[in-house]
Amino acid sequence: MTTTVARPSSVGGAISVRNLGMVFPTAGGETVALQNASLEIGAGEFISLIGPSGCGKTTLLRLMADLLTPTSGELRVAGQTPQEAREQRAYGYVFQAPALFEWRNVLSNVMLPLEVMNFPKEERRARAETMLRLVGLEKFARSYPWQLSGGMQQRVSIARALAFDPPILLMDEPFGALDEITREHLNMELLRLWRDTKKTVVFVTHSISEAVFLSTRVVVMTARPGKIEGVVDVDLPQPRTAEVRETPAFFEAATKVRELLRKGHGFDVVE
Amino acid sequence: MTTTVARPSSVGGAISVRNLGMVFPTAGGETVALQNASLEIGAGEFISLIGPSGCGKTTLLRLMADLLTPTSGELRVAGQTPQEAREQRAYGYVFQAPALFEWRNVLSNVMLPLEVMNFPKEERRARAETMLRLVGLEKFARSYPWQLSGGMQQRVSIARALAFDPPILLMDEPFGALDEITREHLNMELLRLWRDTKKTVVFVTHSISEAVFLSTRVVVMTARPGKIEGVVDVDLPQPRTAEVRETPAFFEAATKVRELLRKGHGFDVVE
Amino acid sequence: MASRAAEVKLRRGGVAPLALGWGLVVASFVLLGVAISQVLNVQFGTTPSNQGTVLLLTALGVVLGVFGIGRIADRTRGLTPALVTFVFSLLAVEALLRAYAVPPGLIPTPSRVWTALVNGLEVLARDAAVTFVQEALVGYLGGTIVAILVALAVVRFRFLERGLLPYAAVASSVPIVALAPVIVKAFGLEPVSKAIIVGITVFFPIVVNVVRGLQSANPHHLDLMRTYAVPPARTFLLVRVPSALPFLFTALKIATTLAMIGAIVGEFFGATGEGLGFRIQIEAGRFNLDVVWAAIVVASVLGIAFYGLVSWLESRFTFRFGSAK
Amino acid sequence: MTTLPSPGARSSRPKRSTGNFWPMAIVAFLVLALYWPLMLWVNAGQAQRIMATGADLGCGTATQCATQLRNPTLPAPGQLLSGFRALSVPPFSTTSAPSNALVTAGETIVGLAIASVLGIVLALLLVISRGFERAVLPWLIASQMVPIIALAPMLAVVLGQYGVQGWVPKAIIAAYIAFFPVAIGVARGLRSPDPLQLDLLRTYHAGHATVFWKLQLPASIPFLFTALKVAATAALIGSIVAEISTISFSGLGKMLAENSRASDTIALWVIMIYGAALGIFLVGLVGLIERAVTPWRVGQPK
Amino acid sequence: QNQRLIPVRLQLKWFPQAQFAGFFVAKAKNYFRDEGLDVTLVPIGDQSPIQTVATGTADFGTTWITDLLTARQQGLPVVHIAQIFQRSGYTLVALRNSNISNVAGFKGKRIGVWPSGNEYPVLALLKRNKLTSSLESNVARPDVQAVTYPFDPSLVFPEKVDLVSAMTYNELNQIQGLGYDMSKLRVFRLADLGINLLEDNMFTTQAVLNNTNFKGSGLSGREVAARLVRASIKGWDYAVKNQKEAVQIVLPQCGNTCRGSGTRADPLQHQTWQMAEVAKLYNAGPTLKGNAGLLDPATFKANVTLLKSLGILKADPPANVVDYKVWEAATGKKAP
Ligand SMILES: Nc1ncnc2c1ncn2[C@@H]1O[C@H](COP(=O)(O)OP(=O)(O)OP(=O)(O)O)[C@@H](O)[C@H]1O
Ligand SMILES: Nc1ncnc2c1ncn2[C@@H]1O[C@H](COP(=O)(O)OP(=O)(O)OP(=O)(O)O)[C@@H](O)[C@H]1O
Ligand SMILES: Cc1ncc(C[n+]2csc(CCO)c2C)c(N)n1
Ligand SMILES: [Mg+2]
Ligand SMILES: [Mg+2]
């Protein structure tokens, strides 16, 4: 209803995490979900977060999105507090689950953020249709979520996050539910989009090869208390193609990530 | 109640699939879920099924388990009809979803098949505990399913399928919900178990490298109408170790699987 | 998971506001008490001379009370806020009825109802025994047992599911009160006829819910049992019965209300001189509304206790089956 | 063993409506076929007992009397049919069942409308304020344990004092029982959005109003309709009970009371059947509106 | 002329039947219209007419004395304006072979009564004979069990109750219709047992009487009441004198409720009987002295004394519970 809200693209994309900590009060005491995490993400970077279940990846993403308030440390998103960044619609968030609105068809699900942000009517439709084409679902624009498979639903939610063209993308295991071929296809699309639009992407995944393939840097985390175990720079040429997977540099990076992951991954504590 | 039921271990493990077809009657006509599939699985083999979503992997497994009756073709499991095999408890089935009983704790979920198969009381507990140790959940024996993460639940369901030591294991994407390290750990455990017990395993997965790493043969399927596109023999030494992944033979097999998969995998038809 | 943080932020703190709330409530009760004391002996049909004062006191008491209860309720869990609200409402109603000198043949004051309740306790207890035990409870148990048996049959035989269940679903949208006179006619004036009305009333929702519950069994669980080659009867006990329990209890809770209403309505169409419905009917005809309300209070308390009992059973059983939320 | 439905068997099940026709027809036929002997047996017993007290029924033997008792336990089909004709033609005279059913339907629908508004407002209050919930919810539950039939006449007298008479008190009483399921259902619906969906709107920096209109309200609509189906039955019971127990000059409840007083058992059966039809019609009507209002659920399984 | 008629609702005590013949005659013969009134005769089932009149659903009503006095005691401002029946027609009926020969023999028996204020005569009879009953809300172990039923004696008699309430003009005939002729029955007439509580009267509310402009007619409520009573008495006089014609006037008014019970259920026969019996209740007391419609002060006082002594009334009703002025205005006579 208000029209004074800033359009997302007007802000930068850098994220700065300093000594960040997050403690949840729980029944049996406290859960330290994140401890003393520091990380500088430059505008236009593609960062992957990888780590065992329950290590705080989602927590870190939610902190950046101002869906949680840190219990210690400092966090700046696009040069502002997370709250300001959120209020400026600086980021798009893709949740672990699709979280579609059952009563809206695919097209109008993708148009939801555009409605909330008061985009002009014609633009909404045009943008939403473009995004659906990107994720290969233009034929399903009039379908309702229940008529789609889990993987298709997740693709809709990606289209929705991209629709309002935010400078930052926060993506929580967006491709977890997809089969390998579809996944590879979407990986390529995501990379192209990232290159073309110079967005900052923070991407959570369980797949080492996916992390390495996509990222400029891979952040490896350890479980309870969630900590950043190390950061692996990925020195692969841009733009990346499928063949990059077979290069020694790819292997090297993947091996480094694997080793960091192994460190401190006691099998028992894994969830 | 009855005590005349055969113990699982008394039967062999070969599976023979001949011109098998499965057609579902649906609202808009018929769905051909499986067409003219033929496959011979020797006792003690480890077979992976791989293919896009909806290509009939689950259907094939369910046919083997006598949870579906084929509309055409012939199927023998452990030298008998699927129904006889089921009644002899010739196989353990791990579903795509964990399917635990919410009102039973972890231990008693694992003991469930032992109860219904009238194993002696002490043996039930001993076996269940061994299985829980195998999947790294011995500390969670008294927890209820809702207290476990999705990955942990899936591990319980694996323990449950193994508990009564069936000669055949039918596993439908058992490791889909797990992080890579846990997944690798369980891959190793599964391989060890398979070697030690000489079980026949039919294993569905979306991961090419997992399929290649585990199997003696990988069966690649195509979507609608579900068909067997090809079978890739995996010529890797036994017992397999993590290093095997870095060998050229591994790559070769993986590439073959990938190519078969690509064939006929139009992006649009993917679900 | 998300809103938890938001909730933490929203929690307003401090003991002082709570104490203030109680202060307001006490002040309100005092004001209302004073208001009532001003009109203790009022002739109905006349306007009390001090009506203005009393109304002012009452209004003030109501305002303070609403604010006080609001504060208490925001910060106190459990039944306390509800109980305070109850006492508050009684006092306010008493004051208003007295201030306007409303005749007891129209609306009796709470204190009159209380007196009638105390004086008639023995009779009301006997009435309650008839209505609650011989009619509502007997009918409830009978209806439940038959309904469960029918539900089992329906689940066992697909034919019944297709041929019978649609009727049962439709029948649960039939106004059963329309049955009451017919059944009283057919089965006589004794409690039995009312128990039958109750039984029929509770039957349909229970059948429909239990069937739904038995069918809600996770198909994977059923498949699992099949892979173990478990005989059907055992599968039933292991899988279907546990998943039907929550549905059964939902229906049983709805049925408590239906049972009380069914029994009382039934008595309106003939009774043997006992029962809460009989009492209500006979005394309403004589404009002894204090007795009528006393009987309603008894019926309501029994109804609530009945509901509470079933809820308690539900929590016990579902705890045993370890459900989370 | 093959009766155990598996996921596969489940979804391949043919559509309900076609599959149920024959079983339903057969059950209906069986019930009708069993009715005749049952009716004869029950009524003959009744006639026998009356004759045993020395009464002269004027119809010969007990079995002969069975189909022509004035107060049969179960009416004979012929009696029922002529009862139907007597009460249904002409359909719109003041004493015929159809016109009275219309009156009751009107009261019920108005009551349901009042109940919906009241229920939705209460649901909003319950969802907005925990304090309100704590102070009031237990009494809302308790209010449903109060036998309304007992309250109805008094409520009518009190309302009458303020000039509210006729069909309005019936609609109010109908609303009294029907508001509760609506309030509870809608409150549950307003709370039903997935936390992730709420988070999503938060990432868009959406205000309370947007969250309400775009998320909570549409999410609660299926709950509203489920509740309305329950409430429709409840409201119908309410208006019939109100007609029985307060002064009324029309409506099914009034016919019920009147014919109960006149000992016309046949008429009671006929009115009961009209009431059943009305209940089914109202629930069906709500279902039709639901289909129209929630297009996204058309065809959705379960 | 037509549109100047004042609409008046008169609440009967039951469904249309000869019990109310006078009112139907007054309507049919335009006696009401001649008084400028357009009277609607309102039937009722279960409820007390007090309810409709007190709530304003009807302007006037007819009911029994105890019903009126107890309502007044509970603060409902109802006022007696005329008395139609001058004697009680209430009886209790038992089978002759049941060996109940006097009221003392009621102990331990079941009595069928009608609710909604119609049970008072039985209550009075029992109390007077020191028998407690379940009609008292503070007696836990009553001597007599009162059974309520939906008004048709065939539902309870003789299987479920030992004694059943019966009006001379209605149920007594119905019971015979069930197949029990008088030789098989023993009838206890309450009037003969010291309980002569007055029955059908005419009443209204204080508010109607105090109204100076009844429904905007320009007439006072009092004036309307007087006109109504005048026409009603005229109707009753005619009905009692021309019973056959009166029955023919009543019959088209009633549906189901006009026939008797059992196999001899014939509306004409039943209503003819009813008219004759009702005439007996009308032609008694003041009517015989030419004062039809007058409430005999002595009988009224005796009724009040009886009800007080039995505890059914807690105190003397206020004097204005009876308004003789309406009758005086209607007849131009002076009440004694
Ligand atoms: N709201 C909360 N209250 C209490 N504990 C929480 C809450 N949210 C998360 N946690 C705990 O914090 C830890 C980190 O959780 P988080 O969801 O960030 O893990 P994750 O790395 O995203 O795991 P996964 O890979 O399974 O998604 C876990 O131990 C979790 O149990
Ligand atoms: N009971 C059924 N009725 C109708 N169609 C069915 C049924 N079960 C499966 N199908 C269809 O058969 C095809 C194969 O399904 P299946 O579950 O075997 O696929 P899948 O390879 O296991 O897929 P995924 O990887 O998603 O698990 C699909 O098109 C599916 O829609
Ligand atoms: C069919 C019929 N049954 C009973 C009575 C007796 N009676 C006379 S007045 C009255 C009050 C009704 O509310 C009753 C029950 C009647 N007149 N007609
Ligand atoms: Mg996560
Ligand atoms: Mg599958």
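Chain identifiers are assigned alphabetically (A, B, ...) following the order of the sequence lines, protein sequences preceding nucleic acid strands; residue numbering begins at 1 within each chain.
Heavy atoms of D:Ala28 lying under 4.5 Å from chain C belong to its backbone as well as its side chain. For chain D, the nearby parts of C:Val170 are the backbone and the side chain; heavy atoms of each come within less than 4.5 Å. C:Tyr307 touches chain D through its side chain: at least one heavy atom from C-beta onward sits under 4.5 Å away, while N, CA, C and O do not. For D:Val283, the part lying under 4.5 angstrom from a heavy atom of chain C is the side chain only. Residue contact with chain D, scored on non-hydrogen atoms closer than 4.5 Å, involves the side chain of C:Leu79 exclusively. For a residue to count as touching a neighbouring chain, one of its non-hydrogen atoms must lie under 4.5 Å from one of that chain's; by this rule D:Ser143 does not touch chain C. Contacts of C:Ile107 with chain D are made by side-chain atoms alone, with heavy-atom separations under 4.5 Å and no backbone atom involved. Interface remark: D:Ile240 contributes side-chain atoms only to the contact with chain C (heavy atom separation under 4.5 Å).
By the neighbour-count criterion of 12 heavy atoms within 6.0 Å, atom CZ of D:Phe29 is sparsely surrounded, having that number or fewer from other residues, nucleotides or ligands.
In plain terms, the two heavy atoms of C:Pro181 and D:Leu256 that are nearest each other are CG-CG, 4.1 Å.
With contacts defined as side-chain heavy-atom distances shorter than 4.5 Å, the pair C:Leu83/D:Pro138 does not qualify. The side-chain heavy atoms of D:Val27 and C:Tyr167, taken from C-beta on, include a pair separated by under 4.5 Å.
Note that CZ of C:Phe269 is 8.0 Å distant from CG of D:Leu268, once rounded to the nearest 0.5 Å. Taking OG1 of C:Thr257 as the reference point, atom CD1 of D:Ile177 lies at 11.0 Å (rounded to 0.5 Å).
With D:Trp139 contributing its side chain and C:Ala82 its backbone, the two residues share a donor-acceptor pair below 3.5 Å.
Using a 4.5 Å heavy-atom cut-off against chain D, the contacting residues of residues 293-302 of chain C are C:Trp293, C:Ile296, C:Ala299, C:Ser300.
Ranked by heavy-atom pairs under 4.5 Å with chain D, the first of C:Ile69, C:Leu164, C:Leu289 is C:Leu289.
Every residue two or more places apart in sequence or in another chain that forms a side chain to side chain contact (heavy atoms under 4.5 Å, CB included) with C:Pro81 is listed here: C:Ala73, C:Thr76, D:Arg134, D:Ala135. For D:Thr226, the side chain to side chain contact (heavy atoms under 4.5 Å, CB included) test picks out no residue, with sequence neighbours left out.
Applying the salt bridge (Lys or Arg N to Asp or Glu O under 4.0 Å) test to every pair with at least one member in residues 229-244 of chain D, sequence neighbours left out, gives these pairs: D:Lys229-D:Glu290.
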